[in-house]
Peer 1: 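The structure under discussion is supplied below as structure tokens; questions concerning it will follow.
Values below: all heavy atoms of this structure, side chains included; hydrogens, waters and symmetry mates excluded.
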There are 2 protein chains.
Amino acid sequence: MHSVDQKPENLDAPARPKRCQDCGVRHVSLCGALDCMELAEMDRIAIHTRSIDGSTIVYEGDESAQVYNLTEGTVRLTRLLPDGRRSITGFLFPGDFLGLSCGGKYVYSAEAINPVSACQFRKRDLDTLFERFPKLEGRLLNMVTTELAAAQDQMLLLSRKTPKEKIASFLLWLGTKLDRLDPAMSQKDQLDLPMTRTDIADYLGLTIETVSRTLASLVRDGIIALPSRRQIHILDNEQLIEIAEG
Amino acid sequence: MHSVDQKPENLDAPARPKRCQDCGVRHVSLCGALDCMELAEMDRIAIHTRSIDGSTIVYEGDESAQVYNLTEGTVRLTRLLPDGRRSITGFLFPGDFLGLSCGGKYVYSAEAINPVSACQFRKRDLDTLFERFPKLEGRLLNMVTTELAAAQDQMLLLSRKTPKEKIASFLLWLGTKLDRLDPAMSQKDQLDLPMTRTDIADYLGLTIETVSRTLASLVRDGIIALPSRRQIHILDNEQLIEIAEG
DNA sequence: GCGGCTATTTGATCCAAATCAATGTGGCAT
DNA sequence: ATGCCACATTGATTTGGATCAAATAGCCGC
């Protein structure tokens with residue numbers, strides 16, 4: 001199905017993320033939710049890891065002893081049915097956490113869809129940290145709660161939206177995500193897709209053919225342009241919003 | 001669409017939940033995750049409320065100043081598209097929390113589908129409690145994380161399972177839920193549905209006709225029986241499991 | 001630039017589930 | 001009991017998106 005079976009490599013001399021300009025600590029990019037002290041401490045116990053394009057970072061069903069905080073790149077979370085049908089339950093971007101799930105096992109596989117860097121923590125180290133910084137847990141609670149709300153949006157999308165609405169919602173969502181990553185550089189109307197059509201299809205509960213045809217129809221209507229396979233220009237944001245919701 | 005527009009009634013002399021046999025405190029049923037001290041304190045700041053069948057407890061988009069802990073009954077969480085298409089993103093049972101979502105607004109409506117009792121907290125009271133019992137937050141984090149995993153299961157179901165697989169998964173899931181509520185009384189193979197066919201359809205991303213037909217086909221295959229509209233006997237659990245996953 | 005490979009697009013056909021349309025059933029108020 | 005009404009089932013028809021099947025376009029190593 002997918003040839004992705006390398007464990008992430010912990011480099012011998014681990015590449016460290018850049019230091020924060022403000023406070024001098026290295027970056028665990030927790031969406032700006034942490035103060036410097038917390039950042040510094042989290043960084044102290046982190047191992048910096050890299051995963052190459054296509055490699056699997058965690059495997060569905062594996063013992064979940066590690067938690068990751070993504071610092072670079074994009075990760076897809078996948079679930080499989082025994083016969084190979086696949087669902088992508090989410091994409092992770094820098095700042096997102098991976099592996100927080102309670103209980104002993106990961107409930108999804110996480111695969112790098114481009115070169116990824118992450119800070120890796122042992123779960124029990126993190127627990128120790130929670131005791132020293134009780135507010136950390138509250139911040140994570142907020143993050144997970146936000147994720148849950150997003151998951152519910154996705155359920156509405158998957159169960160009740162048409163392919164056109166799904167694609168429109170997806171493009172708008174991706175726009176805000178990419179914009180948040182680098183507000184300076186990105187023009188919100190010019191998306192660089194990190195994922196393939198297959199990924200989009202598995203994220204939206206469609207086939208690649210339907211994704212392709214739906215994008216084509218949006219091009220025909222002058223709402224988007226496809227300068228290349230991995231680029232999408234949004235020409236008419238207003239109308240995209242209109243399509244996304246009845 | 002649905003004639004559900006009564007705010008929950010805070011009874012003048014609020015009915016208090018039963019005291020715990022072990023420790024004498026009143027029940028905030030947090031899935032057994034709390035110790036007696038925490039329970040007692042949570043109970044102290046709770047208002048006990050009741051909602052009648054069909055009433056809406058919280059409205060999508062409303063200011064979310066209240067958190068509820070369900071003690072009796074069943075609640076459905078719904079999201080609507082502007083044109084009325086509906087998705088039920090989950091059902092809540094006694095012990096479940098409602099309204100934890102961060103940010104200022106509820107992201108779904110919550111409706112009682114039978115008579116419901118709940119302990120109601122002001123969010124800021126809960127925050128105060130978190131400071132006194134820092135572990136509480138960690139426990140909630142675990143609960144929300146578990147919910148998130150369930151949400152991802154549901155995404156796989158919605159996007160990639162066939163109607164038959166959806167119904168089978170639903171029945172198995174409901175069985176474990178109802179069983180957990182009252183392990184003594186319930187026989188796991190005899191389900192009392194709290195929800196209508198429409199609710200099931202909106203939960204599984206199907207139409208009521210398809211729900212009805214699919215149940216009928218399971219009856220034909222001798223896998224379940226429908227003694228009445230709100231009762232389902234599971235005759236062949238093994239096969240139901242087999243159907244639920246390819 | 002030239003194969004060779006994979007991702008993507010496009011076209012033709014099919015089928016499962018939605019929609020449309022009755023019909024049946026159970027619960028409840030009178 | 002009776003009638004009413006919302007809920008549920010069952011049947012007929014339609015259709016949107018899946019599937020099957022090429023064709024095309026990038027992209028990489030050489």
Side-chain angles (χ1 to χ4, degrees), chain A residues 1-4 52-54 76 81 83-88 113-114 157-168 170 192-220 224-232 243 246, chain B residues 1-4 52-54 76 81 83-88 113-114 157-168 170 192-220 224-232 243 246:
Chain A
M1 181 119 269
H2 296 278
S3 57
V4 284
I52 60 165
D53 189 354
R76 68 171 172 238
L81 287 171
D83 66 357
R85 278 172 287 171
R86 191 178 77 154
S87 169
I88 291 180
I113 64 178
N114 49 29
L157 176 146
L158 290 172
S159 65
R160 293 299 183 211
K161 287 191 182 178
T162 65
K164 204 162 190 170
E165 291 164 351
K166 286 178 177 183
I167 293 284
F170 171 73
D192 291 306
L193 300 183
M195 67 288 284
T196 65
R197 299 287 187 269
T198 304
D199 288 335
I200 298 173
D202 285 343
Y203 183 55
L204 300 179
L206 301 169
T207 59
I208 50 170
E209 292 94 333
T210 299
V211 170
S212 188
R213 274 187 257 267
T214 306
L215 287 172
S217 97
L218 290 174
V219 170
R220 249 178 277 122
I224 63 171
L226 300 174
S228 81
R229 297 206 255 188
R230 291 297 187 100
Q231 282 195 315
I232 295 184
I243 292 171
Chain B
M1 182 115 269
H2 296 276
S3 57
V4 284
I52 61 164
D53 189 355
R76 66 170 174 238
L81 287 172
D83 66 358
R85 279 173 286 172
R86 190 178 77 154
S87 169
I88 292 181
I113 62 177
N114 49 30
L157 176 147
L158 290 172
S159 65
R160 291 302 182 209
K161 287 190 182 178
T162 65
K164 203 162 189 170
E165 291 164 350
K166 286 178 176 182
I167 293 283
F170 170 72
D192 291 306
L193 300 182
M195 66 288 284
T196 66
R197 298 287 187 269
T198 304
D199 288 335
I200 297 172
D202 286 343
Y203 183 56
L204 300 178
L206 301 170
T207 59
I208 50 169
E209 292 93 332
T210 298
V211 170
S212 191
R213 274 188 257 269
T214 305
L215 287 172
S217 97
L218 290 173
V219 170
R220 251 179 276 120
I224 63 170
L226 300 174
S228 82
R229 295 206 257 188
R230 291 298 186 100
Q231 282 196 315
I232 295 184
I243 292 170

Peer 1: Applying salt bridge (charged side-chain N to carboxylate O under 4.0 Å, His left out), can you list everything that pairs with B/Arg197, at least two apart in sequence or on another chain?
Peer 2: none

Peer 1: Using atom CZ of A/Arg197 as one end and atom P of D/dG17 as the other, report the distance to the nearest whole Å.
Peer 2: 18 Å

Peer 1: How many whole angstroms separate atom CZ of B/Arg230 from atom C1' of C/dC28?
Peer 2: 15 Å

Peer 1: Roughly what angle, to 10°, lies between the helix axis at the start of the helix from C/dG1-D/dC30 to C/dT30-D/dA1 and the one at its end, five pairs per end?
Peer 2: 50°

Peer 1: Could you work out, with side chain to side chain contact (heavy atoms under 4.5 Å, CB included) as the rule, every residue matching B/Thr207, not counting sequence neighbours?
Peer 2: B/Glu209, B/Thr210

Peer 1: With sequence neighbours excluded, tell me which residues meet salt bridge (charged side-chain N to carboxylate O under 4.0 Å, His left out) with B/Lys166.
Peer 2: none

Peer 1: Tell me, please, which residues at least two apart from A/Arg213 pass side chain to side chain donor-acceptor pair (under 3.5 Å).
Peer 2: none

Peer 1: Quickly work out the A/Asp53 CG to C/dA7 C1' distance and round it to whole Å.
Peer 2: 14 Å

Peer 1: Produce a footprint string for nucleotides 16-27 of chain C: one letter per nucleotide, 5' end first; B if the base is under 4.0 Å from any protein heavy atom, S if only the sugar-phosphate is, - if neither.
Peer 2: -SSBB----BS-

Peer 1: In whole Å, what is the span from the CG atom of A/Leu204 to the C1' atom of D/dA18?
Peer 2: 16 Å

Peer 1: Calculate the interatomic distance between A/Leu218 atom CG and C/dT8 atom P; express it in whole Å.
Peer 2: 17 Å

Peer 1: Expressed as a whole number of angstroms, how long is the span from B/Ile208:CD1 to D/dA6:P?
Peer 2: 14 Å

